[in-house]
Protein chains: 2
Amino acid sequence: MHGAPPLPAQPQSCTPAASLLTRLGRWSVRQFTAALKPIGLKPRHLATLIELRNAPLPQQSLGEAVDVDAAQLVGLLNDLESDGLVHRRRDPEDRRRHIVEISDVGRERLAEADRALADVDARLMAGLTPEDRARFVTLLRFVAEHGGFEEECAGRSDVSPCVAAAEEDECGSL
Amino acid sequence: MHGAPPLPAQPQSCTPAASLLTRLGRWSVRQFTAALKPIGLKPRHLATLIELRNAPLPQQSLGEAVDVDAAQLVGLLNDLESDGLVHRRRDPEDRRRHIVEISDVGRERLAEADRALADVDARLMAGLTPEDRARFVTLLRFVAEHGGFEEECAGRSDVSPCVAAAEEDECGSL
DNA sequence: TATTGTTATACTCTATAACTATA
DNA sequence: TATAGTTATAGAGTATAACAATA
């Protein structure tokens with residue numbers, strides 16, 4: 001580790017977190033696409049349904065939640081609505097807004113999807129102990145909620161989860 | 001938390017690991033693309049350079065390492081080669097093979113890219129403690145190496161890292 | 001004028017199959 | 001025949017700007 005290497009100390013490039021995420025993300029998308037095909041959903045459509053699970057949302061908020069811009073969201077919602085999985089209605093308080101709500105059929109589809117997804121997750125974390133799985137999910141969730149995002153993060157001072165043993169609060173209420 | 005919910009126990013869908021990865025992966029790709037643009041690289045091109053850092057590789061192995069199929073790798077290498085960042089030469093032992101090697105210019109470009117990427121990583125894990133960052137990277141790396149991948153995982157029995165305090169071996173030799 | 005949703009368009013990424021040259 | 005690399009093509013995903021309706 002200290003034998004005067006010929007190259008300039010062979011700098012970083014140690015496959016950092018973001019680099020690993022791009023790779024694992026693509027793997028996940030492929031797995032999701034395959035796992036969801038039998039039930040007629042694509043990853044984005046599912047993500048949209050998930051965000052609508054707890055409450056109806058106007059398209060703007062929904063787009064932010066799913067992380068797609070307004071233009072592509074239109075197409076996703078057209079697909080979902082023509083399959084009867086969601087409904088759009090105008091907001092009486094501001095008639096520019098369309099409130100999107102998941103339907104009962106949509107909830108059933110969501111349940112099917114959950115079963116398929118559980119399998120993907122199982123494969124993904126196959127080699128991890130239950131403790132490490134919990135830690136992993138906790139960290140992913142924290143980073144997804146607090147990470148990066150330019151301005152948003154500027155004035156922030158949230159505290160790292162510091163996952164000691166990754167408590168059992170896995171599926172809390174989310 | 002126990003008031004006889006109207007819905008069937010509101011099943012999983014707790015934003016599992018693979019779902020979070022798809023999202024973080026897309027965020028990472030966007031950040032990478034923006035951060036690398038000034039130095040004339042795209043995420044895939046960089047990933048290719050990284051895999052070539054330690055040793056020249058035939059295109060087949062390189063494609064597996066970067067996780068792109070042979071067809072798209074051709075385009076990536078054309079770009080890199082026309083910029084003088086890599087060289088292709090025939091393998092004398094099997095003239096079907098093309099051995100790809102990174103050039104000195106390529107290594108310089110790699111160093112520039114590393115600096116840009118470090119910034120993305122910093123933003124990504126901004127809210128995490130150093131311990132959690134180490135844990136996070138360790139888990140990502142383990143999952144990336146051992147996770148899923150169908151057959152490959154069948155007969156495996158590797159041991160989970162069980163990151164207690166996430167030792168300081170961050171940038172080992174990778 | 002600003003905002004919400006929509007449409008249209010172009011650009012990138014990805015997957016597939018067919019082709020060549022070597023073995 | 002089988003394999004390594006290449007080419008061509010179509011499909012999906014993504015980003016952008018212009019537009020209509022409403023505020």
Side-chain angles (χ1 to χ4, degrees), chain A residues 21-37 40-48 51-52 56-82 86-101, chain B residues 21-34 36-37 40-48 52 56-82 86-101:
Chain A
L21 284 174
T22 64
R23 173 160 211 168
L24 290 170
R26 290 195 313 126
W27 180 86
S28 297
V29 168
R30 281 200 299 265
Q31 298 300 312
F32 271 43
T33 304
L36 291 174
K37 178 160 284 182
L41 283 178
K42 292 180 181 179
R44 283 306 175 67
H45 297 78
L46 174 63
T48 306
E51 293 300 333
L52 292 171
L57 289 173
Q59 288 185 203
Q60 183 181 346
S61 314
L62 182 56
E64 291 169 10
V66 182
D67 190 28
V68 298
D69 65 35
Q72 17 190 146
L73 182 61
V74 173
L76 294 176
L77 292 178
N78 288 348
D79 296 339
L80 291 171
E81 195 166 32
S82 72
V86 305
H87 299 300
R88 273 186 273 209
R89 63 169 192 271
R90 284 201 175 276
D91 183 347
E93 297 185 5
D94 183 343
R95 290 184 46 74
R96 292 174 301 186
R97 284 202 181 90
H98 286 185
I99 306 290
V100 188
E101 187 172 19
Chain B
L21 284 174
T22 63
R23 173 159 212 167
L24 290 171
R26 290 196 311 126
W27 180 86
S28 297
V29 169
R30 281 200 299 265
Q31 298 300 314
F32 270 44
T33 304
L36 292 174
K37 178 161 285 184
L41 283 178
K42 292 181 182 178
R44 283 306 176 65
H45 296 78
L46 174 62
T48 306
L52 292 171
L57 289 173
Q59 291 186 201
Q60 183 181 346
S61 313
L62 182 56
E64 291 169 10
V66 183
D67 191 26
V68 298
D69 64 35
Q72 14 189 151
L73 183 61
V74 173
L76 294 176
L77 291 178
N78 289 346
D79 296 339
L80 291 171
E81 195 166 32
S82 71
V86 305
H87 299 299
R88 274 186 273 210
R89 64 169 192 271
R90 287 201 174 274
D91 183 347
E93 297 185 6
D94 182 344
R95 289 184 44 76
R96 293 173 302 185
R97 285 203 180 91
H98 287 183
I99 306 290
V100 188
E101 186 172 20

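Naming: A, B, ... by sequence-line order, numbering from 1 per chain.
An OP1 or OP2 oxygen of C:dT4 is reached within less than 4.0 angstrom by no side-chain nitrogen or oxygen of A:R90. For A:R96 and D:dA23, the shortest distance from a side-chain N or O to OP1 or OP2 is not below 4.0 Å. Here A:H98 does not reach the OP1 or OP2 of D:dA21: none of its side-chain N or O atoms lies under 4.0 Å away. Applying the 4.0 Å criterion to OP1 and OP2 of C:dT4, one finds that A:Q60 has a side-chain N or O inside that range. Between B:R44 and the phosphate of C:dC13, there is no side-chain N or O to OP1/OP2 separation shorter than 4.0 Å.
Atom NE2 of A:H45 and atom CG of A:L76 lie 4.5 Å apart (nearest 0.5 Å). Summarising the geometry, atom CZ belonging to A:R30 is positioned 4.5 Å from atom CG belonging to B:D67; distances are rounded to the nearest 0.5 Å. Atom-to-atom distance recorded for B:L36:CG and B:K42:NZ is 11.0 Å, nearest 0.5 angstrom. To the nearest 0.5 angstrom, B:E81 atom CD is 9.5 Å from B:H98 atom NE2. Between atom CG of residue B:L80 and atom CG of residue B:L46 there is a gap of 9.5 Å, rounded to the nearest 0.5 Å.
Listed nucleotides: D:dT14, D:dG5, C:dA15. Nearest to the side chain of A:Q72: D:dT14. With distances taken from any side-chain atom of A:A70 to the nucleotides C:dA15, C:dT6, D:dT7, the minimum falls on C:dT6.
What separates CZ of B:R97 from P of D:dT6 is a distance of 14 Å, to the nearest Å. Here the P atom of nucleotide D:dG5 and the CG atom of B:L80 are 15 Å apart, to the nearest Å. Distance CG (A:L76) to P (C:dT6): 12 Å, rounded to an integer number of Å. Between the CZ atom of A:R23 and the C1' atom of C:dC13 there is a distance of 17 Å, rounded to whole Å. As rounded to whole Å, 15 Å separates atom C1' of D:dG5 from atom CG of B:L57.
No contact: B:D91 has no heavy atom under 4.0 Å from any strand. Here B:R88 lies in heavy-atom contact (under 4.0 Å) with sugar-phosphate atoms only.
Checking A:R95 against A:H45, the closest nucleotide of DNA chain D that is more toward the 5' end is the one next to A:H45. In terms of position along DNA chain C, the nucleotide closest to A:I99 lies nearer the 5' end than the nucleotide closest to the other residue of the pair A:R26 and A:I99. Where B:A71 and A:D69 each meet DNA chain D at their nearest nucleotide, the meeting point lying more 5' is that of B:A71.
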